[in-house]
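These notes concern the structure reproduced below.
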Amino acid sequence: MDSKKIGVFLKTLRNEKGLTQEQLAEVFGVSGRTVSRWETGSNLPDLSILIQMAEYYGVDIKNILNGEKESENMDKELRETLGKVADYNALEKRIVKQANSVAFSLIFGIYGVDIYTIKDNAEKAVKIIRKYNDGISE
């Protein structure tokens with residue numbers, strides 16, 4: 001738990017409500033100095049006040065203790081995950097393209113390039129490539 005991060009988050013929530021430290025202090029029955037200490041991270045609110053704050057600000061206690069709204073954290077994690085998926089997808093496509101090229105080369109290398117067998121070899125290459133691609137996609 002990062003008390004400074006929590007303090008910054010509490011200050012952000014207060015500012016979003018358009019309140020001064022003194023006004024917030026009145027809401028929770030504490031002094032303005034206490035609110036200041038919460039926001040600098042030198043002290044944290046008692047659990048009973050944390051529960052009231054969560055209700056007052058419309059956030060989960062978990063958000064307060066993490067020092068950020070869940071959606072901000074989820075957006076960051078989602079971006080990271082999507083980046084990894086995109087990287088994996090690009091790698092997979094590159095591997096499939098290389099495998100297709102190798103399969104095509106092997107088939108024409110094994111069977112030879114004969115004007116009468118090109119069609120047969122192409123059909124065989126397509127079958128092999130489809131089998132390979134089906135194996136990757138499973």
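Given the structure is predicted, the values throughout are model-derived calculations rather than measurements.
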What residue pairs, at least two apart or across chains, pass ring-ring contact (aromatic ring centres under 6.0 Å, His included) with a residue in residues 29-65? Phe28-Tyr56
Leu10 versus Pro45: any side-chain heavy-atom pair under 4.5 Å? yes
Student check: side-chain heavy atoms of Ile64 and Val59 closer than 4.5 Å: yes
Roughly how far, to the nearest 0.5 Å, is CG of Leu19 from CD of Glu26? 10.0 Å
So which atom in Ser3 and which in Gly41 form the shortest heavy-atom distance, rounded to 0.1 Å? OG-O, 3.1 Å
Drop me the distance from Thr40's OG1 to Lys4's NZ, to the nearest 0.5 angstrom. 6.5 Å
Which atom pair, heavy atoms only, marks the closest approach of Gln21 to Glu39? NE2-OE1, 2.8 Å
Evaluate the side-chain proximity of Leu50 to Leu65: yes if any heavy-atom separation is below 4.5 Å, no if none is. yes
What distance separates Ile61 CD1 from Ile51 CD1, expressed to the nearest 0.5 Å? 4.5 Å
To the nearest 0.5 Å, what is the distance between CD (Glu68) and CD1 (Ile6)? 11.0 Å
With side-chain contact (heavy atoms from CB on, under 4.5 Å) as the criterion, how do Asp60 and Asn66 come out once you've worked through the C-alpha distance, each side chain's angles and the decisive distance to 0.1 Å? CA-CA 10 Å; Asp60 288 336; Asn66 287 336; over 6 Å; no
Rounded distance [0.5 Å steps], CD in Glu22 versus CG in Leu24: 10.0 Å
By salt bridge (Lys or Arg N to Asp or Glu O under 4.0 Å) - contacts of Glu16 (at least two apart): Lys69
Rounded to the nearest 0.5 angstrom, the NZ-OG1 distance for Lys17 and Thr12 is 14.5 Å
